[in-house]
Amino acid sequence: MSKLQIVNYPNEVLEVECERVTSFDRKLTKLIKDMYDTMIEEDGVGLAAPQIGITKQIAIVDIGDESGLIELINPTILEQRGEQVGPEGCLSFPGLFGEVTRYDYVKVRAQNRKGKTYIIEAEGFLARAIQHEIDHLHGILFTSKVNRYYEEGEIEG
Ligand code: CO
């Protein structure tokens, strides 16, 4: 188990378009494991490769429900609908929380660590986490979507 160093804003690596993954090898598996350990250690529900300095289309999400670990490699949103408004944070912005409007439902096509293509449908908080992580892979940060920032102590956690 290895914990990786999280890249904080401002760092230009957080704002670049990430490259698609083409080799699904042991190195990728190791990277995903290390990203998972890092996310858990940091108490996050998602982590994208640029946040550890790697500009590739790799992100993980685990909101702690029955969906488990979701591996988002080369993800594309196929369908989106509805609207949800709620608090959001990011491991690359320690202590910063803002209210962000997201789609309430998304249908996403992605690959897992073995390169297998799958479809996932998500709504509510899981859909929010997935949209946040996919944005990272295109250099888009949640701060560009914040309606308003929360004051310290305004939200739980
Ligand atoms: Co983030």
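One is the number of the first residue; the rest follow in order along the sequence. Order of appearance sets the numbers: ligands from 1, and atoms from 1 within every ligand.
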Under 4.0 Å between a side-chain nitrogen and a carboxylate oxygen: does that hold for [X] and [Y]?
| X | Y | value |
| --- | --- | --- |
| E154 | R148 | yes |
| K56 | E19 | no |
| K3 | E41 | no |
| R128 | D104 | no |

Practice task
Give the total of protein N/O/S atoms at a distance below 2.8 Å from the Co ion (ligand 1).
Solution key: 3
Problem - For F125, all residues meeting ring-ring contact (aromatic ring centres under 6.0 Å, His included), sequence neighbours excluded - result: none
Practice task
Sort out for me which residue in Y103, F142, F93 forms a ring-ring contact (aromatic ring centres under 6.0 Å, His included) with H132.
Solution key: F142
